[in-house]
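Quick notes on the structure that follows.
Just the heavy atoms: all of them, side chains too, but no hydrogens, waters or symmetry mates, feed the values below.
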There are 2 protein chains.
Amino acid sequence: MTERGRIEAELRAARLRVTGPRVAVLRAVHAHPHAGTDALIDAARADLGEVSKQAVYDVLRALADAGLVRRIEPSGSVARYESRVGDNHHHVVCRTCGAIEDVDCAVSHTPCLTASEDHGYRIDEAEVVYWGTCPACAADSGAA
Amino acid sequence: MTERGRIEAELRAARLRVTGPRVAVLRAVHAHPHAGTDALIDAARADLGEVSKQAVYDVLRALADAGLVRRIEPSGSVARYESRVGDNHHHVVCRTCGAIEDVDCAVSHTPCLTASEDHGYRIDEAEVVYWGTCPACAADSGAA
DNA sequence: CCCTCATCTTGACCGAGTCCAGAAAACTGA
DNA sequence: TCAGTTTTCTGGACTCGGTCAAGATGAGGG
């Protein structure tokens, strides 16, 4: 089981104990990018049989703290997780159905990281969310 | 009472009926930019005496729908409101204390509105949040 | 193999925000 | 000014994502 081995190595590299729930949740995040907690709980249960909601919350926080997953929470949506970390990429969100897609940074690694007036803040990240309508929803509303 | 008159005119211009709670809430948003709902409820009550939580929620939604206020909700924070609308400006948020400041768009009106790959989405807004540490918190952690 | 501590389970809990139905107030036209 | 109509306000129950707490379990170092 190569994939499982890779997941376990990932956990060990982050100095996290390798447990059933952690492997299952991390696999679920890899398999379902931008999924919400509920979907991840379902996916983890499909893998393991039974996992408590609490365990999944704990695991997700541990993984996020360790930098193995990234938590994103667009306005008006529940928290979502993705396993693509390290590269500074952004997201485009559909106002209608809430779908999310990755968008590579258009400018450079530090996109618009330079604010025109930073008020003395020490800025370490620029998060960009593009709001719009996804092709499917655009087609629906166009057809309606 | 010039200020009150201006607020009332603003409401009328948006075709909203002028009521006590609306005036009070809109004044509160003007007076406390980036305040959360609780703070706005307090401010409105200081103005009017008594207003229900529900009324404030309704008013805020009505004002937001009418475009008189803008709702922003940074990750890990409650919803906040600001009265600066129409210009596409962004925000810088302190990771430590949650303070928010306005930041004018560095590039043009349509900042990084052009994503490198839009996945077919019809994009209408780019929302940028700069995460960092505010001067006060930087001083605190530096001193600690 | 054992011990210790991180982790998992269960279940209660919290707080932001919403829904509902009735009461009250603000615009409208005469 | 007054009745009619429509919108808004109140109060309270409710939903739902997420957290807290305490005890049981099991991973992994010695």
Side-chain angles (χ1 to χ4, degrees), chain A residues 4-5 7-29 34-45 47-66 68-69 71-81 98, chain B residues 4-5 7-26 28-29 34-42 44-45 47-66 68-69 71-81 98:
Chain A
R4 190 184 181 90
I7 298 261
E8 293 188 2
E10 220 178 300
L11 287 169
R12 286 181 208 284
R15 307 208 166 284
L16 292 175
R17 289 192 182 172
V18 176
T19 67
R22 291 190 169 173
V23 174
V25 169
L26 191 45
R27 288 221 300 189
V29 176
H34 311 136
T37 313
D38 277 359
L40 293 174
I41 291 176
D42 289 347
R45 286 190 176 150
D47 224 10
L48 275 188
E50 250 326 295
V51 198
S52 70
K53 185 174 84 160
Q54 183 60 34
V56 175
Y57 275 106
D58 285 352
V59 167
L60 284 172
R61 181 157 39 182
L63 295 179
D65 287 349
L68 294 184
V69 304
R71 176 190 176 119
I72 55 183
E73 33 182 314
S75 306
S77 169
V78 299
R80 289 151 185 282
Y81 295 86
Chain B
R4 190 185 180 89
I7 298 261
E8 291 187 3
E10 220 177 301
L11 286 170
R12 285 183 210 285
R15 307 208 166 284
L16 291 175
R17 292 192 177 170
V18 176
T19 67
R22 290 188 169 177
V23 174
V25 169
L26 191 45
V29 176
H34 310 136
T37 314
D38 278 357
L40 294 173
I41 290 176
D42 290 346
R45 285 189 177 152
D47 224 10
L48 276 188
E50 250 326 295
V51 198
S52 71
K53 186 174 82 160
Q54 182 58 37
V56 176
Y57 274 106
D58 284 352
V59 168
L60 285 172
R61 183 159 34 184
L63 295 178
D65 286 350
L68 294 184
V69 304
R71 177 190 176 117
I72 55 182
E73 34 181 314
S75 306
S77 169
V78 299
R80 289 151 184 282
Y81 295 87

In whole angstroms, the gap separating P of C/dG17 from OH of B/Tyr57 amounts to 4 Å
Could you tell me whether the phosphate oxygens of D/dG18, OP1 or OP2, come under 4.0 Å of any side-chain nitrogen or oxygen in A/Thr37? yes
Any side-chain N or O of A/Arg12 less than 4.0 Å from the OP1 or OP2 oxygen of D/dG28? yes
Give the minimum heavy-atom separation between B/Val78 and B/Gly36, together with the two atoms involved. CG2-CA, 4.4 Å
Contact class for A/Arg15 vs. all strands (heavy atom < 4.0 Å): base, sugar-phosphate, or nothing? nothing
Would you mind telling me which of D/dT8, C/dC27, C/dA16 lies closest to the side-chain atoms of B/Arg22? D/dT8
Is the distance from OP1 or OP2 of C/dC8 to the nearest side-chain N or O of A/Thr19 less than 4.0 Å? yes
Please lay out, stage by stage, how B/Val23 and B/Leu11 fare under the test side chain to side chain contact (heavy atoms under 4.5 Å, CB included). CA-CA 8 Å; B/Val23 174; B/Leu11 286 170; 3.9 Å; yes
Expressed as a whole number of angstroms, how long is the span from B/Tyr81:OH to C/dG17:C1'? 9 Å
Touch check for B/Ala79, heavy atoms < 4.0 angstrom, all strands: base, sugar-phosphate only, or nothing? sugar-phosphate
For the side chain of A/Arg17, counting heavy atoms from C-beta on, which of C/dA16, C/dC5, C/dG17 is nearest? C/dC5
Between A/Val18 and A/Lys53, which is nearer to the 5' end of DNA chain D once each is assigned its nearest nucleotide? A/Lys53
Check A/Glu73 with A/Arg80, please: is the shortest side-chain N to carboxylate O separation under 4.0 Å? no
Using a cut-off of 4.0 Å on non-hydrogen atoms, how would the nucleic acid contact of A/Arg80 be classed: base, sugar-phosphate, or nothing? nothing
How is A/Ser52 classified with respect to the nucleic acid when contacts are heavy atoms under 4.0 Å: base, sugar-phosphate, or nothing? base
